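What you see is a predicted model, and the numbers here were worked out from it, not measured in a lab.
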Amino acid sequence: MSIVIKNAEIIGKEGERDVLIDDGEIKRIGQVGEAEKIIDAEGKYLSPGFFNTHTHAAMSLFRGVADDREFWDAWPNIVWPLEENLTEEDVYWGTKLACLEMIKTGTVAFNDMYFFMESALDAVEEMGMKAVLSYGLIDQNDPKKLEQEIEATRKFVDYAEKSELVEPAVGPHSVYTVSEEGLQWSADFADKEDLMIHTHLAETKKEKEDFEEEHEISFTEYLDSFGLLNEKTTVAHCVWLEDKDYELLARQKTAVSHNPSSNMKLGVGKPMDYGAMKNYGVKVTLATDGCVSNNNLDMLEEAKTAALQQKMSGDATLFSADEAYEMLTEKGAEAMRMDSGRIEEGSPADMILVEKDVKATPDHNPKSNLIYSMSGSSVTDVIIDGNIVMKDREVEYEDKIIRNANKRAMDLVSKV
Ligand SMILES: [Zn+2]
């Protein structure tokens with residue numbers, strides 16, 4: 001369907017107000033002519049949608065169950081026991097709930113790692129979102145378990161072949177949950193199948209201390225020794241790293257997914273060293289992480305948190321609204337290897353309209369309003385791949401998703 005958006009204030013393109021979308025693409029900006037559908041965006045910003053580079057979508061079912069605890073208390077004692085009873089139906093509804101929340105707060109694509117990923121893929125496609133999905137491979141040094149995990153990864157990658165909106169990735173969970181054999185298999189399989197890689201790294205101090213007891217080399221040298229660091233890899237957290245790690249991440253063009261809310265909520269001990277990463281030229285993107293450790297998926301809130309957290313270093317210039325906006329859009333898209341995140345002719349139509357409400361008044365600086373003043377609830381319309389997935393804040397089947405996800409969540413919690 002062809003769509004014309006009229007009278008919008010296009011972020012970063014002063015003077016242009018109209019956009020023609022057809023065939024999933026931005027066809028023209030400026031003089032656009034007619035289309036099958038006209039959207040009047042008077043009083044709204046038009047922006048690329050947001051790209052969330054590290055999530056565990058179905059964990060939305062566990063929102064609020066393990067607050068105010070550190071990772072090494074919350075996960076072993078609450079999250080892992082809950083996940084033992086998880087079924088594919090749970091992951092389907094949990095992912096739908098997450099997609100609904102992401103759409104309602106302006107996210108168009110996300111990079112996810114979890115279990116029962118076939119069900120997650122079905123949910124993502126039905127919601128009309130874009131995603132990179134990986135099965136979270138965890139073998140705990142058990143060769144039998146590794147065989148099962150390899151099978152699960154292969155099965156999901158085959159399943160994802162038919163999808164136009166979802167790209168499969170390989171997801172070795174972390175250096176502390178995957179054996180050397182598992183890490184090596186992940187790197188080799190990703191290389192052979194030309195897949196992206198998604199992993200966690202250097203999130204907590206305990207992870208660093210445990211690692212250093214067993215290894216002489218650094219976290220990133222270790223990952224690199226398997227061939228896991230390259231331009232198709234995203235590493236989440238990266239809090240407990242050092243100069244040689246930043247240098248290596250930059251050299252290998254690996255994307256870092258920065259999760260400031262999650263890091264702060266789990267009390268990981270210090271902020272990620274964004275200043276050092278910037279100096280070394282590391283590709284930094286933004287993410288919410290899952291809903292146990294955030295507790296929402298609102299990328300505008302995350303961007304503000306990220307900027308403010310870094311300014312606490314004593315340098316108010318360290319993380320600007322412009323940098324945050326670029327991470328939310330173009331840089332996030334690039335990390336997911338999607339040629340998107342821009343309002344340009346020929347780009348995929350992955351965009352949002354945002355109501356210029358009281359928080360955008362006065363409108364001296366639209367990017368500043370978006371990052372520092374507004375939140376995802378000001379997003380009114382979302383278009384992904386040229387399809388309208390939210391119109392005037394309404395998403396199809398919203399009530400049914402909330403009802404079913406809620407029931408699944410209550411049942412899971414009652415079982416432990
Ligand atoms: Zn994570």
Side-chain angles (χ1 to χ4, degrees), residues 1-30 32-33 35-53 99-110 124 127-131 164-165 285-286 297-300 303 324-336 338-357 360 366-367 369-371 374-396:
M1 181 176 59
S2 60
I3 305 165
V4 158
I5 300 174
K6 280 189 178 304
N7 306 317
E9 182 174 335
I10 306 174
I11 305 281
K13 288 211 172 350
E14 269 110 71
E16 304 290 3
R17 297 178 66 80
D18 299 349
V19 173
L20 169 67
I21 297 163
D22 199 7
D23 227 4
E25 267 184 17
I26 299 169
K27 289 285 182 212
R28 211 162 308 140
I29 301 169
V32 296
E36 291 158 80
K37 173 134 191 109
I38 311 273
I39 297 174
D40 184 3
E42 184 69 48
K44 293 180 182 180
Y45 295 133
L46 188 156
S47 164
F50 307 136
F51 293 76
N52 190 343
T53 60
C99 288
L100 175 64
E101 187 189 344
M102 285 192 264
I103 289 168
K104 296 207 93 165
T105 50
T107 291
V108 292
F110 61 105
V124 172
M127 297 301 285
M129 289 191 78
K130 291 184 173 178
E164 294 197 355
L165 293 171
T285 64
L286 278 174
L297 305 169
D298 186 334
M299 286 294 279
L300 284 180
Y325 184 75
E326 208 187 346
M327 287 180 201
L328 286 180
T329 56
E330 214 172 332
K331 282 196 171 170
E334 193 192 327
M336 281 186 246
M338 295 175 184
D339 186 18
S340 186
R342 296 179 300 274
I343 303 299
E344 270 175 22
E345 292 175 359
S347 277
D350 300 326
M351 60 177 71
I352 59 175
L353 296 176
V354 189
E355 184 86 53
K356 289 206 286 169
D357 51 22
K367 279 186 196 168
N369 281 344
L370 279 170
I371 302 297
M374 307 172 85
S375 68
S377 54
S378 296
V379 176
T380 59
D381 300 80
V382 177
I383 295 173
I384 304 176
D385 213 35
N387 298 311
I388 302 170
V389 298
M390 179 164 82
K391 181 85 192 77
D392 298 323
R393 287 205 64 72
E394 278 185 22
V395 178
E396 224 180 357

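- A donor-acceptor contact shorter than 3.5 Å links the side chain of Asp40 to the backbone of Glu42.
- Looking only at atom types and distance, the side chain of Glu355 has no donor-acceptor partner in the side chain of Ser378 under 3.5 Å away.
- A search for salt bridge (charged side-chain N to carboxylate O under 4.0 Å, His left out) contacts involving Lys104 returns Glu398, not counting sequence neighbours.
- For Glu9, the salt bridge (charged side-chain N to carboxylate O under 4.0 Å, His left out) criterion is met by Lys356, not counting sequence neighbours.
- In this structure, Leu286 and Phe50 have side chains that are not in contact, with every pair of non-hydrogen atoms separated by 4.5 Å or more.
- Remark: Lys391 engages Asp381 in a salt bridge (charged side-chain N to carboxylate O under 4.0 Å, His left out) (not counting sequence neighbours).
- Remark: the backbone N or O of Leu300 is paired with a side-chain donor or acceptor of Asp298 at under 3.5 angstrom.
- Put simply, the residue from Val379, Leu353, Val354, Thr380 that forms a side-chain contact (heavy atoms from CB on, under 4.5 Å) with Tyr45 is Val354.
- When every heavy atom of Ala41 is checked against every heavy atom of Ile5, the shortest pair comes out as CB-CG2, 3.7 Å.
- With Glu345 contributing its side chain and Arg28 its backbone, the two residues share no donor-acceptor pair below 3.5 Å.
- Considering only heavy atoms from C-beta on, Met129 stays 4.5 Å or farther from Val389 through its side chain.
- Here the side chains of Val108 and Lys130 are not in contact, with every heavy-atom distance at 4.5 Å or above.
- In this structure, the side chains of Lys37 and Ile388 come closer than 4.5 Å at one or more pairs of heavy atoms.
- Considering CD of Glu36 and CG of Asp22, their distance stands at 7.0 Å, rounded to 0.5 Å.
- Two residues are said to be in side-chain contact when any heavy atoms from C-beta on lie closer than 4.5 Å; Cys99 and Val124 meet this criterion.
- Between Asp392 and Glu394 the shortest side-chain heavy-atom distance does not fall below 4.5 Å.
- A pairwise comparison of heavy atoms in Ala360 and Asn369 identifies O-ND2, 3.4 Å as the closest pair.
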List the atom pairs, donor and acceptor, that lie under 3.5 Å between side-chain atoms in residues 13-21 and the rest of the protein, sequence neighbours left out.
| unit_1 | atom_1 | unit_2 | atom_2 | d |
| --- | --- | --- | --- | --- |
| Lys13 | NZ | Ile343 | O | 3.2 |
| Arg17 | NH2 | Asn7 | O | 2.9 |
| Asp18 | OD1 | Asn7 | N | 2.9 |

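- For the pair Met127 and Val395, the minimum side-chain heavy-atom distance is below 4.5 Å.
- The structure places OG1 of Thr329 at 7.5 Å from NZ of Lys367, a figure rounded to the nearest 0.5 Å.
- With sequence neighbours excluded, the residues forming a side-chain contact (heavy atoms from CB on, under 4.5 Å) with Ala324 are Ala303, Phe319, Ile371, listed by chain and number.
- In plain terms, the two heavy atoms of Ile11 and Pro366 that are nearest each other are CD1-CB, 3.6 Å.
- When all heavy atoms of Thr53 and Ala335 are compared, the closest pair comes out as CG2-CB, 4.3 Å.
- Applying the side-chain contact (heavy atoms from CB on, under 4.5 Å) criterion to Ser340, with sequence neighbours excluded, gives Phe51, Ala333, Met338, Pro348, Asp350.
- Closest approach of Glu344 and Ile26 over heavy atoms only: O-CB, 3.4 Å.
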